[in-house]
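Here the structure is a predicted model, which means the values were calculated and not measured. Chain letters run A, B, ... following the sequence lines, proteins first and then strands; every chain starts at 1.
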Amino acid sequence: MPQYWLMKSEPDVFSIDDLRQRPGATERWDGVRNYQARNFLRDQMKVGDRAFFYHSSCDVPGIVGEMSISCAAYPDPTAADPNSPYFDPKQNAAAPRWYAVDVKFESKFESPVTLRELKAHPELAEMQLLARGNRLSIMPVTEVQWRFIQALRKREKLKLQA
DNA sequence: GCCAACGTTGGC
DNA sequence: GCCAACGTTGGC
């Protein structure tokens, strides 16, 4: 059984369209510098898992598409790259601290399921994304939440056609 | 731009 | 181990 995730990115830095346009529609998800997010990524993400792509710190924050995990965790090369904004001077090649996975574009929602809309549904009240003060960039989504959001997405589509 | 919330750092 | 200071996230 696949697991479900939500992964945040600032669209100014890396957006769902950027992912779609990458060769093979695949890209390394690197730069994660939070231990809790790192642990999810390193210890639990498996090839074939599904993830929502979330746009944060932008005009309309929300879920904009869907991707899959195409390569399980490996040491994040940006941690050892002095030219990378994600360079970690305390990194140690013998005991890597930070990890990356590869993600593959699956689909872009015709209309995003916005943060505002997620908050409006009591069924999603337990989402970690909506927890007070939550700042995690990678977090699990339950299967029930996943399905509910997929249903919302279809409703958004109908609304567009109406 | 503001600010609440949270994680990390470092002195003690 | 405590905790103040600081930096970052991210919605508004």
Side-chain angles (χ1 to χ4, degrees), chain A residues 3-20 22 27-45 49-67 69 73-103 105-142 144-146 148-153 155-156 159-160:
Chain A
Q3 303 170 98
Y4 301 98
W5 305 97
L6 183 145
M7 300 167 79
K8 294 182 186 173
S9 180
E10 299 183 20
D12 290 347
V13 178
F14 185 71
S15 72
I16 184 83
D17 291 320
D18 294 329
L19 175 60
R20 173 153 65 176
R22 285 293 190 272
E27 175 69 314
R28 187 175 67 217
W29 197 276
D30 55 24
V32 174
R33 296 293 182 269
N34 168 284
Y35 288 105
Q36 203 181 342
R38 190 274 317 264
N39 291 347
F40 283 135
L41 183 142
R42 183 190 61 186
D43 304 334
Q44 292 185 240
M45 275 190 178
D49 281 2
R50 317 282 291 186
F52 285 134
F53 196 127
Y54 180 91
H55 280 177
S56 66
S57 297
C58 55
D59 283 352
V60 185
I63 297 171
V64 294
E66 197 184 331
M67 51 195 171
I69 306 304
Y74 54 93
D76 181 350
T78 65
D81 176 3
N83 295 317
S84 167
Y86 304 121
F87 177 60
D88 178 3
K90 285 183 275 187
Q91 71 90 32
N92 171 3
R97 180 172 3 190
W98 305 117
Y99 285 77
V101 295
D102 290 348
V103 296
F105 174 87
E106 293 293 341
S107 67
K108 179 181 175 179
F109 292 0
E110 293 196 32
S111 171
V113 176
T114 64
L115 175 61
R116 183 195 171 101
E117 184 168 14
L118 294 172
K119 283 178 175 171
H121 294 281
E123 294 89 340
L124 299 176
E126 300 304 312
M127 278 190 86
Q128 218 164 321
L129 177 73
L130 305 182
R132 178 169 160 276
N134 170 67
R135 299 185 318 178
L136 267 185
S137 65
I138 295 177
M139 67 198 88
V141 171
T142 69
V144 170
Q145 290 162 354
W146 180 272
F148 189 87
I149 292 165
Q150 293 289 2
L152 280 186
R153 164 197 188 175
R155 221 169 70 189
E156 291 298 293
K159 220 154 56 182
L160 276 183

Answer with yes or no whether the side chains of A:Asp76 and A:Thr78 bring together a donor and an acceptor at under 3.5 Å.
yes
Check: residues 121-139 of chain A side-chain donor-acceptor pairs under 3.5 Å, at least two apart:
| from | atom 1 | to | atom 2 | distance (Å) |
| --- | --- | --- | --- | --- |
| A:Asn134 | OD1 | A:Leu136 | N | 3.3 |

Check: A:Tyr86 main-chain N/O paired with A:Arg33 side-chain donor or acceptor under 3.5 Å:
yes
Can you see which heavy atom on A:Met45 is nearest to which on A:Asp49, and at what distance?
CA-OD2, 3.6 Å
Bounds of contact between DNA chain B and chain A, in 5' to 3' order, using a heavy-atom cut-off under 4.0 Å:
B:dA5 to B:dT9
Within residues 128-140 of chain A, the residues having a heavy atom closer than 4.0 Å to DNA chain C are A:Arg135, A:Leu136
Cut-off 3.5 Å, side chains only: do A:Tyr74 and A:Asp102 have a donor facing an acceptor?
yes
Looking only at non-hydrogen atoms, find the nearest pair between A:Val64 and A:Pro112 and report the distance.
CG1-CB, 4.0 Å
Identify the two heavy atoms, one from A:Ala79 and one from A:Trp98, that lie closest to each other, and give their separation to 0.1 Å.
CB-CD1, 4.0 Å
Give the residues of residues 114-124 of chain A touching DNA chain C, defined as any heavy atom closer than 4.0 Å, sorted by residue number.
A:Leu115, A:Lys119
Show me the donor-acceptor pairs within less than 3.5 Å that the side chains of residues 52-62 of chain A make with the rest of the protein, sequence neighbours left out.
| from | atom 1 | to | atom 2 | distance (Å) |
| --- | --- | --- | --- | --- |
| A:His55 | NE2 | A:Ile16 | N | 3.2 |

With sequence neighbours excluded, what pairs up with A:Lys8 under the salt bridge (charged side-chain N to carboxylate O under 4.0 Å, His left out) test?
none
Can you check whether A:Phe105's main-chain N or O pairs, donor with acceptor, with A:Arg20's side chain at less than 3.5 Å?
no
